[in-house]
*Asks:* 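To start, I am sharing the structure in question, which I have written as structure tokens.
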Amino acid sequence: MKIPSVKGFRDVLPNEAAARRILIERARAVLESYGFGEIEIPLMERGELFARSVGSTSDIVEKEMYAFDDRDGTQIALRPEGTASVVRAYLEAGLSRAMPIARLYYLGPMFRRERPQKGRFRQFTQIGAEFLGRDDAEADAETLCLVADICEVAGLSGYRIEVNSLGDGECRPAYREALVEFGRARLADLCDDCKARLERNPLRLLDCKNEACSAVTADAPMMIDHLCEPCRTHHDRVLQLVGELGVELTHNPRMVRGLDYYCRTAFEVSAEGLGAQGAVGGGGRYDGLVAELGGPQLPGIGFAFGLERMQLAAGDDRPELNLDIFVAPMAAEAAGPAMALARRLRREGWKVEIGASDKKLKAQLKRADKVGVRYAILLGPDELESGRATVRNLGARSDHPGCFALDATAEEIGRELEGTN
Ligand code: HAM
């Protein structure tokens, strides 16, 4: 009996992996052009790290985290996101002193036990960035500009960046109270989830997908109308700067994000072609997080994109994994020389597959066709005897094969291959 994969955990086959690598290279290039350096963080952390940052009442921590007790009793969690880990690593390495302004990016799998569907998995891959140490609106504007540039290089069609301000410790508590009061007066009309979390996490009321809840909250108070003066000024300045950079933003007063550490600027990126799972990326400012995790009062802003969703949104133009050369040994005694030749060609940067000498030439050439190579190099008893390998250009389908001496230089071989065009 076959053993299936775990629900929500998927394999990335070579074509998709190749497309993903291109996407990653492009995103990395943009991140590095903005001065971000890569940080590698572990897949597992202490569970309390996420409870204290993402929030113990967030869906991510409350319902979706893969958490277990290690043999020594330590509570472990598979990371559901990267921001908390980056801040932990930054503090643990003493970087808040050595590098009070830091631009870090990361890449890798995250784990959330959500209900799997198109674009939503239990293991997914994020590329994310954290910009620590700056609380000015210019840092937000630069971050949003970076987000737009990543969308561009990823080829996301019709992407939209929605922004909101979530206020701060000054103005949010009063707003929160106003929202709870609003919800209490309409409790009977809310879905069970919203009823249950109204007192603990009222902001989630605003992005509940339940139609009845959306109707109820159509005229709910919005954070944007309750911002304190400094938050208002910050927000206006961000919008002004981003406008000047020519990056288009859409204001969405209902956007609240599912992680608790945010303040002020929050954003989500959507793209066409994703259906219900609209967000390809999201992020925002988190000025209290570093202190919350035991560090100094240091601000930060960041974002993460989901690579699977980016690939879905960018369409299905996956590059084929094209090889250059197929080496076909046509007798057992040709296998050794064929392998040596393939190795030499590989060292010169050619992508080479080699067949098995016990297969008929026809079968080997069929395989060569399948892997999309342009050239087949044939090596049988005659070639060994003459010391010259036969070359066929599979694209040209010509009956005039070329040949080259088995001790030819890579350059000479290259010229011979080109010559068969
Ligand atoms: P997030 O919005 O929870 O933010 O996740 C960012 C992105 O990860 C989403 O927009 C989505 O593309 C992808 N993603 C999330 N869950 C899934 C899933 N189950 N399946 C597939 N893709 C998924 C964060 O994680 C924050 N740490 C971002 C951030 C960085 N904020 C500040 N700095």
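For ligands, and for the atoms within them, numbers begin at 1 and follow the listed sequence.
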*Asks:* Indicate whether any N or O donor in one side chain lies under 3.5 Å from an N or O acceptor in the other, for T409 and E411.
*Replies:* no
*Asks:* Just heavy atoms, cut-off under 4.0 Å: does R309 contact ligand 1 by side chain, backbone, both, or neither?
*Replies:* side chain
*Asks:* Could you tell me whether L259 approaches ligand 1 through its side chain, its backbone, both or neither, with non-hydrogen atoms closer than 4.0 Å?
*Replies:* side chain
*Asks:* Could you tell me whether the side chains of E130 and T83 share a donor-acceptor contact shorter than 3.5 Å?
*Replies:* yes
*Asks:* Students often mix this up, so state it plainly: with edges at 30° and 60°, are the rings of Y261 and Y286 parallel, tilted or perpendicular?
*Replies:* perpendicular
*Asks:* What residues, two or more places apart in sequence or in another chain, satisfy salt bridge (Lys or Arg N to Asp or Glu O under 4.0 Å) together with R254?
*Replies:* none
*Asks:* Quick test of your reading of the structure: of G8, G284, A84, A279, whose heavy atom lies closest to atom 9 (C) of ligand 1?
*Replies:* A279
*Asks:* Could you walk me through whether V269 and C151 pass the side-chain contact (heavy atoms from CB on, under 4.5 Å) check?
*Replies:* CA-CA 9 Å; V269 188; C151 291; 3.6 Å; yes
*Asks:* Does F303 approach ligand 1 within less than 4.0 angstrom via side chain, backbone, both or neither, non-hydrogen atoms only?
*Replies:* backbone
*Asks:* Can you tell me if G281 contacts ligand 1 (heavy atom of the residue under 4.0 Å from the ligand)?
*Replies:* yes
*Asks:* Got a sec: does the CD of E38 have more than 12 other heavy atoms crowding it under 6.0 Å?
*Replies:* yes
*Asks:* Does R120, backbone or side chain, put an N or O under 3.5 Å from an N or O of ligand 1?
*Replies:* no
*Asks:* Show the atoms of ligand 1 that are less than 4.0 angstrom away from any heavy atom in E81.
*Replies:* 25 (O), 26 (C), 27 (N)
*Asks:* Between E353 and K370, does the salt bridge (Lys or Arg N to Asp or Glu O under 4.0 Å) criterion hold? Intermediate values first, please.
*Replies:* CA-CA 11 Å; E353 176 163 331; K370 191 153 185 186; over 6 Å; no
*Asks:* Once you restrict to heavy atoms under 4.0 Å, what part of E130 touches ligand 1? Side chain, backbone, both or neither.
*Replies:* side chain
*Asks:* So if I count the atoms of ligand 1 from 1 in the order they appear, which ones are less than 4.0 Å from some heavy atom of G282?
*Replies:* 10 (O), 28 (C), 29 (C)
*Asks:* Please indicate whether any nitrogen or oxygen in E114 is less than 3.5 Å from any nitrogen or oxygen in ligand 1.
*Replies:* yes
*Asks:* What distance do Y175 atom OH and M222 atom CE have between them, rounded to the nearest 0.5 Å?
*Replies:* 6.0 Å
*Asks:* So which atom in I301 and which in A139 form the shortest heavy-atom distance, rounded to 0.1 Å?
*Replies:* CG2-O, 4.5 Å
*Asks:* N/O to N/O below 3.5 Å, does that happen between F121 and ligand 1?
*Replies:* yes
*Asks:* Show me which atoms of ligand 1 lie under 4.0 Å from any heavy atom of G283.
*Replies:* 31 (N)
*Asks:* Any non-hydrogen side-chain atom of F404 less than 4.5 Å from a side-chain atom of R415?
*Replies:* no
*Asks:* Which one holds for F267 and ligand 1: side chain close, backbone close, both close, or neither close, with close meaning a heavy atom under 4.0 Å?
*Replies:* neither
*Asks:* Provide, to 0.1 Å, the distance between atom 13 (C) of ligand 1 and the closest protein heavy atom, together with that atom's residue and name.
*Replies:* G306 CA, 3.7 Å
*Asks:* Is any N or O atom of Y261, backbone or side chain, closer than 3.5 Å to an N or O atom of ligand 1?
*Replies:* yes
*Asks:* Students often mix this up, so state it plainly: with edges at 30° and 60°, are the rings of F267 and F303 parallel, tilted or perpendicular?
*Replies:* tilted
*Asks:* Would you check whether Q126 reaches within less than 4.0 Å of ligand 1, judged by its heavy atoms?
*Replies:* yes
*Asks:* With nothing but distance in play, are any N or O atoms of I60 less than 3.5 Å from an N or O of ligand 1?
*Replies:* no
*Asks:* Find all atoms of ligand 1 within a distance of less than 4.0 Å from any non-hydrogen atom belonging to Y262, and give their numbers and elements.
*Replies:* 26 (C), 28 (C), 29 (C), 31 (N), 32 (C)
*Asks:* Any nitrogen or oxygen of V280 lying under 3.5 Å from a nitrogen or oxygen in ligand 1? Just yes or no.
*Replies:* yes
*Asks:* Strictly under 4.0 Å, does any heavy atom of R257 approach an atom of ligand 1?
*Replies:* yes
*Asks:* To the nearest 0.5 Å, what is the distance between CG (D136) and NE2 (H234)?
*Replies:* 7.5 Å
*Asks:* Does G119 come within less than 4.0 Å of ligand 1, judged by its heavy atoms?
*Replies:* yes
*Asks:* Using a 6.0 Å cut-off, check whether atom CZ of R200 has over 12 heavy atoms from anything other than its own residue.
*Replies:* yes
*Asks:* Among all protein non-hydrogen atoms, which one is nearest to atom 14 (N) of ligand 1, and what is the separation to 0.1 Å?
*Replies:* F124 CE1, 3.4 Å
